[in-house]
Chemist: 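I have a structure I would like to understand better, so I am pasting it below and will then ask my questions one at a time.
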Amino acid sequence: MIYSNVLDNLKAGNISAAASAFTNTAFGKYRTAFMQAGAGMNARVNGSSVVKSVRLIEGFAEIIVVRTTAQEPVRYSVFLTRDGDGVWRIDKF
């Protein structure tokens with residue numbers, strides 16, 4: 001799954017591979033954010049997160065993820081779209 005591959009690449013410190021899962025329009029923004037996080041990125045992605053659901057809507061997908069934190073579970077969405085090359089990529093995280 002695209003989302004878990006991004007997390008695995010971030011854990012391994014492979015920012016370029018992680019960023020390649022994003023659309024052309026989102027690539028630079030997320031690559032910069034990952035680079036700025038540096039060593040702190042591993043702590044951010046090491047944690048328990050579970051994909052709760054996936055919705056497909058006419059060429060778009062929304063993955064609902066719930067991440068366990070010390071305070072409370074946090075729910076967020078990961079949005080994907082088919083990029084210009086026809087491959088599903090993350091557009092918004």
Chemist: Hydrophobic clusters here meaning ILVMFWY residues chained together by side-chain heavy-atom distances under 4.5 Å, can you tell me if V51 and F79 are in one?
Modeler: no

Chemist: Considering residues at least two apart in sequence or located in another chain, which fulfil the side chain to side chain donor-acceptor pair (under 3.5 Å) criterion with R75?
Modeler: none

Chemist: Do I64 and S77 have side-chain heavy atoms sitting under 4.5 Å apart?
Modeler: yes

Chemist: Taking the six-membered ring for Trp, are the ring centroids of Y30 and F22 within less than 6.0 Å of each other?
Modeler: yes

Chemist: Extract all donor-acceptor atom pairs below 3.5 Å that involve side chains of residues 84-93 and protein atoms in other chains or at least two apart in sequence.
Modeler:
residue : atom : partner : partner atom : Å
D85     : OD1  : V87     : N            : 3.1
D85     : OD2  : R89     : NH2          : 2.6
R89     : NE   : D83     : OD2          : 3.2
R89     : NH1  : S20     : O            : 2.9
D91     : OD1  : T23     : OG1          : 2.8

Chemist: In terms of hydrophobic clustering (I, L, V, M, F, W, Y; side-chain heavy atoms under 4.5 Å; direct or indirect links), are V54 and V78 co-clustered?
Modeler: yes

Chemist: Do you know which two heavy atoms are closest between P73 and V66, and how far apart they sit?
Modeler: CB-CG1, 3.8 Å

Chemist: Treating Ile, Leu, Val, Met, Phe, Trp and Tyr as nodes and any side-chain heavy-atom pair under 4.5 angstrom as an edge, say whether Y3 and L56 lie in one connected cluster.
Modeler: yes

Chemist: Quick one: closest heavy-atom pair of F34 and A18, and the distance?
Modeler: CE1-CB, 4.4 Å

Chemist: For a quick test of reading the model, state the closest non-hydrogen atom pair linking L7 to S49 and the distance between them.
Modeler: CD1-OG, 4.1 Å

Chemist: Does I15 reach the side chain of M35, with side-chain heavy atoms less than 4.5 Å apart?
Modeler: yes

Chemist: Can Y76 be reached from F60 by stepping across I, L, V, M, F, W or Y side chains whose heavy atoms are under 4.5 Å apart?
Modeler: no

